[in-house]
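As structure tokens, the structure follows; a few thoughts come after it.
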Amino acid sequence: MTALTVLAAGLSADLSAQPPSLVQSVDWLAIAPVVIPAAVALIVLVADLFVAERTKPLLGWLSVAGLAVATASLLPLHAGDRSTFCLTGDPAACSYTADHFTLVVQFLVLAGALVTALLSVTAVRDTRMPAGEYWFLLLSSAAGAALLPASRDLATLIVALEVASLPAFALVGMRRGDRLSSEAALKFFLSSVTATAVSLMGISFVYAATGSLHLSQVADRLEDVPGQLDTIAMVGVALTLVGFAFKTAAVPFHFWVPDTYVGAPLPIAGYLSVIGKAVGFTGLILVTVIAFPAYSDIWGPALAVLAALTMTLGNAAALRQSADRPNSAVRLLAWSSVGQAGYLLVPIAAAAYTDRDQIGSTVAYALMYAVVNLGAFAVAALVARTKPLNRISDYRGLYAERPLAALSLAFFLLCLAGLPPGIIGLFAKVVVFRSAVDAGLGWLAVLMAINVVVALYYYLRWTALLFRAPEGVKGAQAAEGAQIRTKAPWPVTAAIVITAVTALVLSGAPQLVLRFASGSLFPQ
């Protein structure tokens, strides 16, 4: 008995001396919003090999259902913060965190992808794009975009960024034989690869200076960087920010935007203007306020200058769009999105001077912008079915042809302009303006106010055009237009209705979005 006791004691001592297990537990509920679209993407890709051509539209509806389920999977996560893929030696350092910030951005991404999928159902069929490849790429990009806000280490952040971006290159160039589409895909590819290369160089410098990739550990170690590594750390921070500035279409890294939007299928142009932009801003928020607060004296002024340049150049270029130029409607929306990117940068810059809670204003503004901009692209997709040149002048008299579409587009444009009855657009601009004032960036607040006034001109000009009398409309043309109206595809109509109703609800109850601007989205 004594020998057995001694043996047991020895075994216990040996076991206690073993190093801690490196096996990590996986919180499947936390990662469900990412896993579901990724799994559906693989199912669609495999099913495409066996599905007959006449039943290929079912792949689109399977994708829509997958995105709807992924969006619904966010509901159980609302109860509290969850983390997974954490270091065994430091449980606070995790690669995936589902906090309030993550859930809000994931909702924006997945709901926006769902609206894009509704618009794409008709576009894929009418333009004869390869259905299996299209839906696989869209779902894969959505999965990467959903992973990015949850990423809490630099490696996962870059992987998520590329998973969201790489499929988008192919989606932009999906219209085979179209010169504009091929050119747009090439410009988008080259600019994005350059941005990724710059970001990776910056991240490698940050890793050399800190010895860690986890954002929380990077933040702690940048507080006390050895003198000989300080220059490397500063260069790494600067290069990382430049890489993400490409993704946000901030000036002077915006040159790819107009041609890419024009060459891409309209649903993908809307997707890039909202989800693509959300991906860039999310990454920028994570690396600035979470990983690099020690260098806020560098990135704060830099982002403030970028915000000023972006909103000014974007609005100035939008003013120059001729109503009769082919694709002028898409180009105006593209330049408008550049100007809106400037507003989104303001609270991030303000966070360098006050506290990181300021970025809630960017999140609130992004939610408003996502709804109304996707709605505007949905109406553009509907109008382009009969007027494929996508000119602003093609919208003249739209109210006489399609009253509900015209009223919806007018409301979306007023929201973007920040005018009643687009109350949510007005309030969102106010919270962004307030963040600049609270941070002591009075000059930036004044410049933003000037740009908002400038933008009123091209938004109101387009809005007024919707209600003017059509030019040279004869009875036969009007009858033909009425016949075409009855054939408007219901998925596109559903996308317009969803975005219009959501924008109306937010204008009636703006606190649903603006509450994100008044509290912390990150765990304290």
Side-chain angles (χ1 to χ4, degrees), residues 97 99-102 104-105 148-158 160-161 195 198-203 205-207 209-210 212-223 225 233-251 253 277-310 341-366 432 435-436 438-441 444 516-517 520-524:
T97 298
D99 52 21
H100 290 302
F101 173 79
T102 298
V104 173
V105 178
L148 195 138
S151 303
R152 292 298 184 272
D153 70 67
L154 294 171
T156 306
L157 198 63
I158 287 295
L161 189 64
V198 173
S199 295
L200 286 173
M201 179 66 74
I203 288 171
F205 285 172
V206 171
Y207 178 74
T210 62
S212 177
L213 291 174
H214 285 84
L215 302 185
S216 58
Q217 293 184 343
V218 168
D220 292 338
R221 296 176 187 181
L222 284 179
E223 294 284 353
V225 176
M234 286 195 299
V235 173
V237 169
L239 291 178
T240 304
L241 294 181
V242 168
F244 281 103
F246 270 97
K247 303 294 185 180
T248 59
V251 174
F253 314 110
K277 195 172 264 64
V279 165
F281 279 100
T282 300
L284 196 61
I285 288 170
L286 290 175
V287 296
T288 52
V289 304
I290 302 297
F292 303 152
Y295 287 85
S296 58
D297 57 331
I298 294 177
W299 56 260
L303 291 182
V305 172
L306 282 180
L309 291 174
T310 302
Y343 305 148
L344 287 163
L345 281 169
V346 171
I348 307 176
Y353 299 90
T354 51
D355 55 64
R356 66 185 188 180
D357 290 347
Q358 293 283 7
I359 59 96
S361 299
T362 288
V363 174
Y365 196 95
V432 170
S435 69
D438 292 344
L441 297 172
L444 186 57
F516 296 116
S520 177
L521 294 174
F522 295 106
Q524 297 298 319

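Reckoned from all heavy atoms, side chains included, excluding hydrogens, waters and symmetry mates. Keep in mind that what you see is a predicted model, and the values were worked out from it rather than measured.
- Of all heavy-atom pairs spanning G283 and L148, the tightest one is N-CD2, 3.4 Å.
- Annotation: M234, atom CE; neighbour count of heavy atoms from other residues, nucleotides and ligands within 6.0 Å is above 12.
- Each of T288, V287, I158 was evaluated against T240; a single residue qualifies, V287, per the side-chain contact (heavy atoms from CB on, under 4.5 Å) test.
- Remark: side-chain polar atoms of T102 are paired, donor with acceptor, to backbone N or O of T97 under 3.5 angstrom.
- L444 and A304 make their closest contact through CD1-O, 3.8 Å (heavy atoms, listed as atom of the first residue, atom of the second, distance).
- The structure places CZ of R152 at 14.5 Å from CD of Q217, a figure rounded to the nearest 0.5 Å.
- F253 and F246 have tilted rings, their planes meeting at an angle from 30° to 60° on a 0 to 90° scale.
- Residues Y295 and L241 have side chains not in contact (no heavy-atom distance under 4.5 Å, counting atoms from C-beta outward).
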**Message:** Set out, in order, the CA-CA distance, both residues' side-chain angles and the distance that settles side chain to side chain contact (heavy atoms under 4.5 Å, CB included) for V363 and F281, then state yes or no.
**Reply:** CA-CA 9 Å; V363 174; F281 279 100; over 6 Å; no
**Request:** Assess whether side chain to side chain contact (heavy atoms under 4.5 Å, CB included) is satisfied between F101 and L286, documenting all intermediate values.
**Result:** CA-CA 10 Å; F101 173 79; L286 290 175; 3.9 Å; yes
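- One distance of note links CG of D438 with OG1 of T354; it measures 7.5 Å at 0.5 Å rounding.
- To the nearest 0.5 angstrom, L161 atom CG is 6.5 Å from S199 atom OG.
- The two atoms that bring S212 and R221 nearest to each other are CB-NH1, 3.3 Å, heavy atoms only.
- Rounding to the nearest 0.5 angstrom, the gap separating the CG atom in L345 from the CG atom in L306 is 6.5 Å.
- Side-chain contact between L303 and V346: absent, with no pair of heavy atoms (C-beta onward) separated by less than 4.5 Å.
- Using modelled atom types, one side-chain atom of T362 and one backbone atom of L344 make a donor-acceptor pair closer than 3.5 Å.
- A 6.0 Å sphere centred on OH of Y207 holds no more than 12 heavy atoms belonging to other residues, nucleotides or ligands.
- Pairing each heavy atom of A351 with each of I359, the nearest pair is CB-CG2, 4.0 Å.
- Of the inter-residue distances, the one linking D297 atom CG with Y353 atom OH reads 9.0 Å to the nearest 0.5 angstrom.
- Between the CD1 atom in I203 and the CG atom in L157 there is a gap of 6.5 Å [rounded to 0.5 Å].
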**Residue pair W299, V289: steps toward the side chain to side chain contact (heavy atoms under 4.5 Å, CB included) verdict** = CA-CA 10 Å; W299 56 260; V289 304; 4.2 Å; yes
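- No side-chain donor-acceptor contact under 3.5 Å links S296 to the backbone of F292.
- Judged by distance alone, the side chain of S151 and the main-chain N or O of D153 form no donor-acceptor pair under 3.5 Å.
- Between the side chain of S435 and the main chain of S361, no donor-acceptor pair closer than 3.5 Å is present.
- Among all heavy-atom pairs drawn from L222 and A233, the shortest one is CD2-CB, 4.0 Å.
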